[in-house]
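Below is one structure, written out as structure tokens, with a few remarks after it.
Heavy-atom basis, side chains included; hydrogens, waters and symmetry copies ignored.
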2 protein chains.
Amino acid sequence: MKKRANLRDVAQRAGVSVATVSRVMNTPARVSPDTRNRVEAAMSDLRFTPSAAARAINTGRTQTVAALLPTLANSTFARFADGLEARLGAFGLSLVVATTGEDPEVELARARQMLNIGAEAIIVTGASQSADFRAFVERHMVPTVSVSLFQQDAWLPTIGYDNQKAVLLALDHLMQLGHHKIAVVHGPHGHNDRTRIRLEALKQAEVAANGALTFRYFEAPFSVQGGSEAAARLLAQRGDETAVLAFTDVLAGGVIHRLHSLGLKVPQDFSVVGMEDLPSSASLYPPLTTVHLPVRRMGEQAAEALAQWLDNGIRPDHQELPIELAARSSSVARQT
Amino acid sequence: MKKRANLRDVAQRAGVSVATVSRVMNTPARVSPDTRNRVEAAMSDLRFTPSAAARAINTGRTQTVAALLPTLANSTFARFADGLEARLGAFGLSLVVATTGEDPEVELARARQMLNIGAEAIIVTGASQSADFRAFVERHMVPTVSVSLFQQDAWLPTIGYDNQKAVLLALDHLMQLGHHKIAVVHGPHGHNDRTRIRLEALKQAEVAANGALTFRYFEAPFSVQGGSEAAARLLAQRGDETAVLAFTDVLAGGVIHRLHSLGLKVPQDFSVVGMEDLPSSASLYPPLTTVHLPVRRMGEQAAEALAQWLDNGIRPDHQELPIELAARSSSVARQT
DNA sequence: ATGAAAGCGCTAACAC
DNA sequence: GTGTTAGCGCTTTCAT
């Protein structure tokens, strides 16, 4: 088993210099067709595969961008990653993904790994990274953007939507339908600033309403199962809530499922609204009222922002993506 | 704007040699605490970030593996990628993903790009790549495995399930419930060998049944919307089918949705079975009978196989993953 | 159009 | 425990 062929081997075999071989790969037009053919034949004979590392060391570019995501096993992040990857590809950039499980220590470790393998830029979720993470990014001066929220005063450029606006869109919808006793189903907020922002917005609304609005909060894992359990708890100790506001469509789906299996009807017994607008949400039973969040688009925007940052060295501005309510059949006016 | 600091800069500042600096990074134990501190201080002062490329050129390893997937915006591939990434991470490997949209030309182009950025191994979906793709892989001798199917005679090591078995599991279930006129809803099979294998298995079963079993086939895009349209076509020209066999849960979900909105009941009017077993499938209305495919596990297995291949140079064996029927409420005995 | 030669930033013998 | 030095495989002037 002989070692991998390199430029010199090819040059020797083709009877040219290494410079010429390099030119065949990078600027074929500057090589005469004749020699070009000889070189290509030699490459092929020797099964030549150029070394990415050697190239990168010279050009100083790896064409690689890293995304640090809580998980991929979740439609939101998966669709985000899909949009991101597609758009990065158009710029000749590749996407390496690392999942963090929302653990700040893992996030830092993965960021370190990403730089170790040569990532030129990083994308993170949310803007509440650990102090160490922040120090790390600043020390290495690696272009980094945050997605999933739009927040002018964040330490990173943020590309996302206004989470406060989003939850209030859902709330206003329910209030206009006459609901004012609402069960709120949300995920863990320990390391999730999107959830925190949404909760905070609701608490402010509750205060502002001065008694005309009351919430009962149910925390549950970010899954269909979690939503289902939250609904079970809601009914086990039933109050006078007439609606459920879930922070994600997945949770909403779980809620609806459990309500159904306990013999209740949506929207007759409970109006349910979600947030996100998964592709499948319009086909739930009943079709889910939700706040549409442009996740795929967010991926594309993040790709553009980073591609330009890498290109011209100018840190991008924050970007707010539009959101809107998708009113469907899971919510109706309160039954009086 | 001065250039990025390198090993020599750090060495100079710390008053040591480059070798010592290198040691501080790689074998800190072999450096006296005193000098180690000086070096670390210098690194920090100069905001030193080691060059991944330079390291890779010396070690010959990039610690990077590439996955070529049709899309990430699909729970199956996303969960696969999640398992893959998590397990690769445990081996110190990073995952770069590239989406192909099931286009063989794109697949080849992306494979090329993956090698250009230094991927040490490749994961592809299915085993029916173009001849060019195959030539490419063989020419560069890059370790490559195929997932989503198990097929002993494939040109690549395959890690997946037996698609024929899978579809027959669903079919047998329906037949045992007394269904023998079945609508089959499947995705496009142009470049998708999993779909082709499943269709082929059904055709064989149809022949073997010798008239006791008949299928009507509906091709639709791989989406809820696609399943919905297929159901509309099924009803527009209604035959005497009593059951629907969908090749994916997503399609099954679309079918059920449309049946409902046209006033039909599942499973009373139609039994519906899917394939895949998405996390949400048990919470559909009604809970979906489906064939459970261990997608996340497949990602983990692929990671193991590649990690070992890169480690010991031995091409892995094919691996068959277990599948099973998850019988739920969307299918019942034929109403007589 | 082609070649010679100087690095790119790091690792790994090998020597002290 | 630390330093010297020879590469790793390529790109890129600068000549010719």
Side-chain angles (χ1 to χ4, degrees), chain A residues 2-43 46-64 115-120 140-142, chain B residues 2-43 46-64 115-120 140-142:
Chain A
K2 41 170 51 136
K3 72 181 219 303
R4 216 153 147 262
N6 62 21
L7 258 203
R8 255 211 316 293
D9 300 329
V10 175
Q12 192 157 26
R13 169 143 192 150
V16 298
S17 75
V18 292
T20 300
V21 181
S22 177
R23 283 187 197 104
V24 169
M25 300 197 296
N26 301 307
T27 53
R30 274 182 207 133
V31 179
S32 82
D34 183 43
T35 47
R36 196 193 310 153
N37 288 334
R38 290 218 317 289
V39 170
E40 273 162 356
M43 286 179 165
L46 298 174
R47 302 166 153 254
F48 172 71
T49 307
S51 153
R55 173 169 298 165
I57 209 180
N58 281 290
T59 60
R61 299 223 34 192
T62 57
Q63 312 281 35
T64 294
L115 281 200
N116 272 336
I117 64 162
E120 297 188 50
H140 294 283
M141 297 181 294
V142 48
Chain B
K2 38 169 52 134
K3 73 181 218 304
R4 216 152 146 265
N6 64 19
L7 258 203
R8 254 210 319 292
D9 300 329
V10 175
Q12 193 157 27
R13 170 143 191 150
V16 298
S17 74
V18 291
T20 300
V21 181
S22 178
R23 283 187 198 105
V24 169
M25 299 198 296
N26 301 307
T27 54
R30 275 185 206 129
V31 179
S32 82
D34 183 44
T35 46
R36 194 193 311 152
N37 288 334
R38 289 216 321 285
V39 170
E40 274 162 355
M43 287 179 162
L46 298 175
R47 300 166 156 256
F48 171 71
T49 307
S51 153
R55 174 170 296 164
I57 208 180
N58 282 289
T59 61
R61 299 218 39 188
T62 57
Q63 312 281 35
T64 294
L115 245 47
N116 271 337
I117 64 162
E120 297 188 49
H140 294 283
M141 298 182 293
V142 49

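Atom CG of A:Leu115 and atom C1' of C:dG9 are 16 Å apart (whole Å).
Taking all atoms of both residues into account, the shortest heavy-atom contact from B:Ala11 to B:Ser17 is CB-C, 3.6 Å. Summarising the geometry of B:Val18 relative to B:Leu7, their closest heavy-atom pair is O-CD1, 3.9 Å, with the distance given to 0.1 Å. When every heavy atom of B:Ala52 is checked against every heavy atom of A:Ile117, the shortest pair comes out as CB-C, 3.5 Å. The two atoms that bring A:Thr49 and A:Arg4 nearest to each other are O-NH2, 3.3 Å, heavy atoms only. Nearest approach of B:Thr62 to B:Gly118, heavy atoms of both residues: OG1-O, 2.5 Å. Between A:Leu115 and A:Val142 the shortest heavy-atom distance is CD2-CG2, 4.0 Å.
In B:Glu40, the CD atom is crowded: over 12 heavy atoms of neighbouring residues, nucleotides or ligands sit closer than 6.0 Å.
Using modelled atom types, one side-chain atom of B:Arg38 and one backbone atom of B:Ala14 make a donor-acceptor pair closer than 3.5 Å.
One axis for each end of the helix from C:dA1-D:dT16 to C:dC16-D:dG1, each built from five base pairs, and the angle between them comes to 30° at 10° resolution.
Contact check, A:Thr35 against C:dA1: no side-chain N or O comes under 4.0 Å of OP1 or OP2. A sub-4.0 Å separation between OP1 or OP2 of D:dG3 and a side-chain N or O of B:Thr20 is present.
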Using a cut-off of 4.0 Å between protein heavy atoms and nucleotide atoms, how would you tag nucleotides 8-16 of chain D 5' to 3' with B, S and -? BBBBBB---
